[in-house]
Amino acid sequence: MIKRGFAHLGVFFLFTLSLLPLPLLFFFARLLYYLLYYIIGYRKKVVRENLTNSFPEKSLNEIIAIEKKFFRFLADLIFEIIKMSTISEEETLKRVKFTGLELLEKHFKAGESVLACTGHYGNWELGTLALGLNISAKTLVIYKPLSNEIFGAWFDKMRTRYGNIFIAMRQTLRGMATYKNEPTLLCFASDQAPVKHETKYFVDFLHQPTAALLGVEKIAKSTGRPIYYFKVTVVRRGFYHVEVLPLCLNPVELDEYKITHLHFKFLEDIINEHPQYWLWSHKRWKFKPE
């Protein structure tokens, strides 16, 4: 009961905070950066290890420079996500611009559904929110629910404000069946780490064997749906560009695991361009090949 009370209080605080304009929230974000990086040292060891293993050619000074940029961006990202609770349609459309959506609309007009994948890069949450305002088909987003029921409900309400439909990962097939008679865009964050018992395949990603989820490939091969990659670019603080790029238009023709290697390679190239915008604080390499 006490925990639920604190959770409700926390949600109320976050909602109240979201009413402030983003420029003011960015001021708090800079304070949060100093708190996370210099005082608390939030997951600093995890970030340092991930960066060092991913960029063995870089010096310690170069790693630390990326590390600091990442924590500055992470602080911004936290407040941008909080702002999503009350951000207007107009501001959402101003902060996230898309190119290549006409490629998707050709499929939708033909009555075809499409698969989309991206990584935890830039503000993927705001990009997904904006997507619902930019395409004609329903956007179905596959996600891992939060363990805290109250915060999870607040987060889900925020994510679905503009029509997106979030489907728990374990309910993917059931969710697809619900909308089987209409064109949809089924979205995956394809760099998520599988749980231990689902760790069955590894790809070479950022110089390390990396456990891969195979959901995108399995669904693409079983349905024949074309796959597009959503490349996120940070234009400037709080503003993003999302480019829709064809990843694989005929998935049934490709060899097994080729699609999985393709989307990891897309993400690796993006990270190498500007590494500070990927989620380095995630314990991505918990499992190793046996």
Side-chain angles (χ1 to χ4, degrees), residues 26 29-81 117-127 144 188-216 229-238 240 247 257 259-290:
F26 281 147
R30 190 47 49 92
L31 298 178
L32 180 62
Y33 158 64
Y34 287 110
L35 180 66
L36 291 177
Y37 188 76
Y38 290 103
I39 299 175
I40 298 176
Y42 170 75
R43 292 203 172 184
K44 203 170 176 179
K45 184 178 179 181
V46 172
V47 173
R48 179 74 59 85
E49 183 178 356
N50 284 344
L51 286 170
T52 301
N53 292 338
S54 298
F55 302 106
E57 77 284 0
K58 294 188 183 297
S59 68
L60 178 59
N61 286 339
E62 290 175 308
I63 293 295
I64 292 174
I66 297 171
E67 181 180 275
K68 289 180 178 179
K69 288 179 182 178
F70 163 70
F71 274 99
R72 280 196 292 269
F73 176 71
L74 178 63
D76 284 353
L77 178 64
I78 289 169
F79 280 96
E80 286 178 20
I81 290 175
C117 57
T118 191
H120 289 86
Y121 187 92
N123 191 338
W124 65 91
E125 292 284 0
L126 185 61
K144 286 183 179 180
F188 294 82
S190 52
D191 59 344
Q192 293 189 79
V195 296
K196 180 64 175 177
H197 71 274
E198 294 176 349
T199 301
K200 298 177 180 178
Y201 189 74
F202 288 80
V203 298
D204 184 19
F205 174 63
L206 293 171
H207 301 283
Q208 300 162 81
T210 304
L213 286 169
L214 301 174
V216 176
Y229 198 94
F230 281 40
K231 179 183 178 181
V232 180
T233 302
V234 181
V235 178
R236 64 183 191 275
R237 198 178 195 188
Y240 302 89
L247 179 76
Y257 303 124
I259 292 170
T260 300
H261 283 273
L262 276 175
H263 68 70
F264 269 96
K265 183 64 168 64
F266 258 62
L267 178 58
E268 184 175 65
D269 290 344
I270 293 166
I271 291 171
N272 283 327
E273 287 180 27
H274 298 286
Q276 65 267 34
Y277 300 125
W278 193 53
L279 193 62
W280 294 102
S281 54
H282 180 45
K283 294 180 180 179
R284 185 60 184 84
W285 288 278
K286 289 184 292 186
F287 307 123
K288 304 294 182 183
E290 295 180 354

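All residue numbers in this chain count up from 1 along the given sequence.
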Partner residues of Lys196 under the salt bridge (Lys or Arg N to Asp or Glu O under 4.0 Å) criterion, sequence neighbours left out: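 Counting only residues at least two positions away or on another chain, Lys196 forms a salt bridge (Lys or Arg N to Asp or Glu O under 4.0 Å) with Glu290.
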More than 12 heavy atoms of other groups within 6.0 Å of Lys283 NZ: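 Check fails, neighbour count at 12 or below.
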NZ (Lys144) with more than 12 external heavy atoms under 6.0 Å: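 Counting neighbours around NZ of Lys144, more than 12 heavy atoms of other residues, nucleotides or ligands fall under 6.0 Å, so yes.
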Minimal non-hydrogen separation, [X] against [Y], with atom names:
X	Y	result
Glu268	His207	OE2-N, 4.2 Å
Pro194	Leu213	CB-CD2, 3.5 Å
Gly122	Leu77	O-CD1, 4.0 Å
Pro275	Ile66	CG-CD1, 3.9 Å
Tyr229	His263	CE1-O, 3.8 Å

Got a second to check how far [X]'s [atom1] is from [Y]'s [atom2], nearest 0.5 Å?
X	Y	atom1	atom2	result
Leu206	Asn53	CG	CG	10.0 Å
Lys200	Phe287	NZ	CZ	13.5 Å
Ile270	Thr233	CD1	OG1	7.5 Å
Ile271	Ser54	CD1	OG	7.5 Å
Arg72	Glu67	CZ	CD	11.0 Å
Arg30	Leu35	CZ	CG	14.0 Å

Taking the inter-plane angle between the rings of [X] and [Y] on a 0 to 90° scale, is it parallel (under 30°), tilted (30 to 60°) or perpendicular (over 60°)?
X	Y	value
Trp280	Trp278	perpendicular
Phe73	Tyr240	perpendicular
His120	Trp124	perpendicular
Phe264	Phe205	perpendicular

Should [X] and [Y] count as side-chain neighbours, where that means a heavy-atom distance under 4.5 Å?
X	Y	answer
Val46	His282	no
Val203	Tyr257	no
Asp204	Pro209	no
Phe71	Val47	yes

Side chains of Trp285 and Thr210, donor plus acceptor under 3.5 Å: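 A donor-acceptor contact under 3.5 Å links the two side chains.
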Whether [X] side chain and [Y] backbone form a donor-acceptor pair below 3.5 Å:
X	Y	result
Ser190	Thr118	yes
Arg284	Asp191	yes
Glu62	Ser59	yes

Trace of the side-chain contact (heavy atoms from CB on, under 4.5 Å) decision for Thr260 with Leu214: CA-CA 7 Å; Thr260 300; Leu214 301 174; 3.5 Å; yes
Between Phe70 and His274, ring centroids under 6.0 Å: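 No, the ring of Phe70 stays outside the 6.0 Å limit from the ring of His274, centre to centre.
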Ring-ring centroid check Phe26 Phe79, cutoff 6.0 Å: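 Between Phe79 and Phe26, which both carry aromatic rings, the centre distance is not below 6.0 Å.
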Geometric cation-pi criterion Lys58 and Phe55, 6.0 Å radius, 45° cone: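 Flagged: Lys58 positioned over aromatic ring of Phe55.
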Six-ring centre of Phe266, Lys231 cation under 6.0 angstrom, axis tolerance 45°: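 No.
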Candidates Leu262, Leu267, Leu247 - the one meeting side chain to side chain contact (heavy atoms under 4.5 Å, CB included) with Cys117: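 When Leu262, Leu267, Leu247 are each tested with Cys117, the side chain to side chain contact (heavy atoms under 4.5 Å, CB included) holds only for Leu247.
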Short N-O contact, Arg237 and Glu80, less than 4.0 angstrom: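 No.
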Ion pair Lys265/Asp269, N-O distance below 4.0 Å: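 So Lys265 pairs with Asp269 through a salt bridge.
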